[in-house]
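Letters A, B, ... mirror the listed sequences (proteins, then strands); counts begin at 1.
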Protein chains: 2
Amino acid sequence: MATAPQIRKGRKFDQVLEGARSVFLRDGFEGASVDDIARAAAVSKATLYSYFPDKRLLFMEVARQEFLRQADEALNLMNPQAPPEVMLPWAARRIIDFFTSDFGQRVFRICVAEIDRFPDIGHQFYESGPKLARARLGNYLRGACARGELRIEDIDLAADQFHELCKADLYLRSVCGYADQITEAEIARVIDGAVSMFLARYGVR
Amino acid sequence: MATAPQIRKGRKFDQVLEGARSVFLRDGFEGASVDDIARAAAVSKATLYSYFPDKRLLFMEVARQEFLRQADEALNLMNPQAPPEVMLPWAARRIIDFFTSDFGQRVFRICVAEIDRFPDIGHQFYESGPKLARARLGNYLRGACARGELRIEDIDLAADQFHELCKADLYLRSVCGYADQITEAEIARVIDGAVSMFLARYGVR
DNA sequence: CACGTTCTGAACCGCTTGGTTTGAATTTAT
DNA sequence: ATAAATTCAAACCAAGCGGTTCAGAACGTG
């Protein structure tokens, strides 16, 4: 094959990716064995190696696809015309649901755990997640400012601040394994807090 | 030996811990080989195994000590009497310096990367880091409220919000490998933003 | 110095790892 | 039905893995 891809698709390509995904997400790159992956994918090891020249490339492809999935989730479907009092709680809920979700946590974990071994992973994660989400929220905020509903000089900072406010308390508990103990009342507390702080700073009276 | 510790100290115990630390922090639990650790520690493998019955216990001891170190850094030395306009920027700087530091990043990475394999790690990390920092900042905020300098109903939420505001922009760039590209001007931007937003919400006029 | 404790290097063990090979079996398209 | 493409299972390889053993060397203390 040529230089870049070295990946060949075959009949069971998706199976291999899915099996690899489940094992890599569970055990990380080093902990995942190719035998386990082949077993999880229900293919022979020879088939797996006919698609990917080595374990590293398989991992990189799995990670790439996870990040694509993340990009799909990054605060799309925002209603540009809705007032901040409606839109901000909605966005807050979306943000919280994402980072407490199994998917959200696992894609983050790939990035953090493997960044030394695969340095480009950090870049890919940032571009497909945080940067995109900031841009989308930023677009909304820009519109709200144009309509005179908000007054923000530094849109990017404001978008980041809002994201972080939504993470108060819940994010670290989530990362530390307490995600399933988070109640609706706690979520509402954080959302109310985030929105009221944001409007205290950037709202017009 | 008895049930719990199974750890025996000897002349080169600290060397072993230091060698283990450097290799575990670099390669994670699965990626670190006991041969590498022994080499990094400049001890024989037999010595290492005379101290720790297995690799798992060695890892757990290394992680435990890293978390103790983190507890030492958690916003100690706050001046209870200083006004918020002085104390908040000071705390913000401390928070940012911590999470952008090599140590801060690595201890976080241990937690995130290994939490499936060592479920108690999340608990230890949370107790020695986020929870402690929140308590210390919360104590400060309580005092400021008592002096009439701030008005806060939910101290814990406010402390968490402040922490998260300090992480705007910088934290995720840090996690994603861009920590060395963060400028002093960017740090000042985030600190100013955090303090002004916090005071907009909780300050007295 | 003598003695007890600790550490060493080298070899060992059974097992696993990522990756390779190959003829046969299976699947798909004509 | 046939041919081509794909997949398979089983065996293989060299290297590495976590952990074990042991006689001798090194170290620290009285």
Side-chain angles (χ1 to χ4, degrees), chain A residues 1-63 110 113-114 116-118 121, chain B residues 1-63 110 113-114 116-118 121:
Chain A
M1 295 295 165
T3 48
Q6 306 172 51
I7 297 180
R8 188 191 72 87
K9 298 202 174 189
R11 263 183 235 138
K12 299 199 171 182
F13 190 76
D14 290 341
Q15 263 172 261
V16 168
L17 279 190
E18 186 50 45
R21 179 178 169 276
S22 71
V23 179
F24 280 136
L25 290 188
R26 191 188 69 210
D27 298 334
F29 177 74
E30 285 284 340
S33 80
V34 181
D35 278 338
D36 281 347
I37 292 168
R39 198 173 300 118
V43 303
S44 75
K45 212 159 61 163
T47 300
L48 193 151
Y49 276 102
S50 77
Y51 300 155
F52 294 91
D54 62 22
K55 186 180 169 189
R56 280 186 66 92
L57 267 188
L58 176 56
F59 180 83
M60 283 154 75
E61 180 62 22
V62 167
I110 289 190
E114 308 294 350
D116 274 357
R117 247 175 236 115
F118 300 87
I121 260 189
Chain B
M1 296 295 166
T3 47
Q6 306 173 50
I7 297 178
R8 189 190 72 87
K9 299 204 173 188
R11 264 185 235 133
K12 299 198 174 182
F13 189 78
D14 289 343
Q15 262 172 261
V16 168
L17 280 190
E18 187 49 45
R21 181 177 168 274
S22 71
V23 179
F24 280 136
L25 289 188
R26 192 188 68 208
D27 298 333
F29 177 76
E30 284 286 340
S33 79
V34 181
D35 280 335
D36 281 348
I37 291 168
R39 197 175 301 121
V43 304
S44 76
K45 213 160 57 161
T47 301
L48 193 151
Y49 276 102
S50 77
Y51 300 154
F52 296 91
D54 62 23
K55 186 180 169 189
R56 281 187 65 92
L57 267 188
L58 176 57
F59 180 84
M60 282 154 76
E61 181 62 22
V62 167
I110 289 190
E114 308 293 349
D116 275 357
R117 247 173 237 115
F118 301 87
I121 262 189

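Scanning both residues, Ile7(B) and Phe52(B), for their nearest heavy atoms gives CD1-CE2, 3.6 Å. Of all heavy-atom pairs between Ala32(B) and Asp27(B), the closest is N-CB, 3.7 Å. In terms of heavy-atom proximity, Gly19(A) sits nearest to Ile37(A) at C-CG2, 4.2 Å. Nearest heavy-atom pair, Arg56(B) versus Phe29(B), reported as atom, atom and distance to 0.1 Å: CG-CZ, 3.7 Å. Nearest heavy-atom pair, Leu17(A) versus Glu61(A), reported as atom, atom and distance to 0.1 Å: CD2-CG, 3.9 Å. Minimum interatomic distance between Glu114(B) and Ile121(B) (heavy atoms only, all atoms of both residues): CB-CD1, 4.2 Å.
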Pairs counted as Watson-Crick or G-U wobble with both distances under 3.5 Å: what dot-bracket string results for DNA chain D, using | for bases tied to another strand? ||||||||||||||||||||||||||||||

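A heavy atom closer than 4.0 Å to some atom of DNA chain D occurs in Gly10(A), Arg11(A), Lys12(A), these being the qualifying members of residues 9-23 of chain A.
The OH atom of Tyr51(A) lies 11.0 Å from the NZ atom of Lys9(A); values are rounded to the nearest 0.5 Å. Here CD of Glu18(B) is found 12.5 Å from CZ of Phe13(B). Values are rounded to the nearest 0.5 Å. Taking CE of Met60(B) as the start and CZ of Arg117(B) as the end, the distance is 13.5 Å to the nearest 0.5 Å.
Between dT6(D) and Tyr51(A), no contact under 4.0 Å exists linking OP1 or OP2 to a side-chain N or O. Taking 4.0 angstrom as the limit, Ser44(A) places a side-chain polar atom (N or O) nearer than this to OP1 or OP2 of dC8(D).
Under the ring-ring contact (aromatic ring centres under 6.0 Å, His included) criterion, Tyr49(A) pairs with no residue at all, not counting sequence neighbours. Every residue two or more places apart in sequence or in another chain that forms a salt bridge (Lys or Arg N to Asp or Glu O under 4.0 Å) with Arg39(B) is listed here: Asp36(B).
You can see that DNA chain C meets the heavy atoms of chain A within a 4.0 Å-exclusive cut from dT17(C) to dT28(C), reading 5' to 3'.
Between Ile110(B) and Phe59(B), the closest side-chain pair of non-hydrogen atoms falls below 4.5 Å. When side chains are defined from C-beta on, Leu58(A) counts as touching Val16(A), because their heavy atoms get closer than 4.5 Å.
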N/O to N/O distances under 3.5 Å, protein versus nucleotides 11-18 of chain D:
residue	atom	partner	partner atom	Å
dG18(D)	OP1	Ala32(B)	O	3.2
dG18(D)	OP1	Lys55(B)	NZ	2.5
dG18(D)	OP2	Val34(B)	N	2.9

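If you check every strand for non-hydrogen atoms under 4.0 Å, Ala38(A) touches nothing.
Relative to the side chain of Ala46(B), the nucleotides dA9(D), dT7(D), dT21(D) differ in distance, and dT21(D) lies closest.
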